[in-house]
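Computed from heavy atoms alone, side chains included, the values below leave out hydrogens, waters and symmetry copies.
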Amino acid sequence: MKSLFNTEAHVEILSRIDKLSESTQRQWGKMEVGQMLYHCQFPLKVALGKLTIKKPNPFMRIMFKVFKKSMYNDKPWKHNLPTAPGFRVKDGKDFPKEKQALVTLINDFYGERHIRDRGPHPAFGDLTYDQWGQIQYKHLDHHLRQFGV
């Protein structure tokens, strides 16, 4: 399983983001490319301690436990999975601004690869060092595939 803490995966993700343009069309889902870039910033901000989210309600906790199992394997996520309400993006976004902001967050996350203990994830609970890197890679990979890169 690839991890955003790994140099090769980090370079790969940045290269794929570089292939996006304002006219890149989605293969599935509802977000436009600028919205996707903005959406992909949320999990990185949570991991970096730049965004605090509420603990999920009991029903959502069960859903997260079921979903958590799919986060640590090489099998791609299914198309059109539901998005956590706080991570939904409905308004238009400025492509160049969001692209640069996402690249900065990815580099910040990679730059903290030496931090072994990040504490529990607010929705998924205890994560290992490897799981923190894997979940970030897999989320980015999912949305980059959504846009064909």
Side-chain angles (χ1 to χ4, degrees), residues 1-20 24 26-31 33-89 93 95-149:
M1 177 71 210
K2 293 183 181 181
S3 166
L4 200 55
F5 289 139
N6 177 273
T7 301
E8 291 79 20
H10 173 246
V11 170
E12 171 205 324
I13 289 292
L14 293 178
S15 174
R16 290 166 67 187
I17 290 171
D18 193 51
K19 293 177 183 174
L20 294 169
T24 304
R26 64 184 175 260
Q27 309 294 307
W28 73 83
K30 297 177 182 174
M31 290 187 285
V33 67
Q35 293 173 313
M36 178 273 291
L37 293 168
Y38 183 78
H39 165 81
C40 285
Q41 295 172 41
F42 289 120
L44 289 158
K45 287 178 179 179
V46 169
L48 292 164
K50 296 179 179 186
L51 176 66
T52 303
I53 60 173
K54 293 187 324 183
K55 292 201 179 238
N57 64 45
F59 174 74
M60 288 305 292
R61 267 184 261 168
I62 293 168
M63 294 301 295
F64 283 130
K65 282 184 181 183
V66 171
F67 182 67
K68 184 177 176 179
K69 294 176 185 174
S70 74
M71 295 190 310
Y72 314 112
N73 61 42
D74 290 321
K75 186 177 177 183
W77 289 339
K78 294 179 181 179
H79 300 178
N80 299 311
L81 290 170
T83 300
F87 289 8
R88 290 186 186 137
V89 181
K93 295 295 174 187
F95 175 84
K97 176 184 170 193
E98 302 309 339
K99 184 176 180 179
Q100 184 55 54
L102 179 58
V103 167
T104 297
L105 287 166
I106 290 167
N107 287 331
D108 289 350
F109 183 79
Y110 177 74
E112 290 188 359
R113 66 192 175 281
H114 64 281
I115 298 174
R116 302 298 295 184
D117 182 15
R118 297 185 166 276
H121 187 281
F124 299 115
D126 291 328
L127 298 178
T128 67
Y129 172 82
D130 291 335
Q131 289 171 331
W132 274 106
Q134 291 165 345
I135 190 175
Q136 297 302 328
Y137 176 86
K138 196 157 185 177
H139 183 249
L140 291 164
D141 175 66
H142 173 75
H143 287 293
L144 293 171
R145 285 186 302 101
Q146 179 185 14
F147 285 84
V149 297

For this session: For the residue pair Phe42 and Phe87, categorise the inter-ring angle as parallel (less than 30°), tilted (30 to 60°) or perpendicular (more than 60°).
Result: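 Aromatic pair Phe42/Phe87 classed parallel.
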Exercise. Stepwise, does the side-chain contact (heavy atoms from CB on, under 4.5 Å) test hold for Trp132 with His121?
Worked result: CA-CA 9 Å; Trp132 274 106; His121 187 281; 3.5 Å; yes
For this session: Decide if the gap between the ring center of Trp77 and the ring center of His143 is smaller than 6.0 angstrom.
Result: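 Not under 6.0 Å, so no.
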For this session: Please name the pair of heavy atoms, one in Asp126 and one in Gln131, separated by the smallest distance, quoted to 0.1 Å.
Result: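 Smallest heavy-atom distance, with atoms named: O-OE1, 4.1 Å.
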For this session: Check Ser3 against Ala9 and note the closest heavy-atom contact, atom names and distance.
Result: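 Nearest heavy atoms, Ser3 then Ala9: O-CB, 3.1 Å.
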Any side-chain heavy-atom pair of [X] and [Y] under 4.5 Å:
{"X": "Met36", "Y": "Leu20", "value": "yes"}
{"X": "Lys19", "Y": "Ser15", "value": "yes"}
{"X": "Glu112", "Y": "Arg118", "value": "yes"}
{"X": "Lys99", "Y": "Lys93", "value": "no"}
{"X": "Val103", "Y": "Asp18", "value": "no"}
{"X": "Pro43", "Y": "Ile135", "value": "no"}
{"X": "Met31", "Y": "Arg26", "value": "no"}
{"X": "Tyr38", "Y": "Gln35", "value": "no"}

Exercise. Is a side-chain donor or acceptor of Tyr129 paired with a backbone partner of Arg113 at a separation under 3.5 angstrom?
Worked result: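 Judged by distance alone, yes, a pair lies under 3.5 Å.
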For this session: Not counting sequence neighbours, list each pair that qualifies as a salt bridge (Lys or Arg N to Asp or Glu O under 4.0 Å) and has a residue in residues 135-146.
Result: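 Only Arg16-Asp141, Asp141-Arg145 qualify under salt bridge (Lys or Arg N to Asp or Glu O under 4.0 Å).
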Problem set entry | Option from Phe109, Tyr137, Tyr110 for which ring-ring contact (aromatic ring centres under 6.0 Å, His included) with Phe5 holds |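 For Phe5, the ring-ring contact (aromatic ring centres under 6.0 Å, His included) check succeeds only for Phe109.
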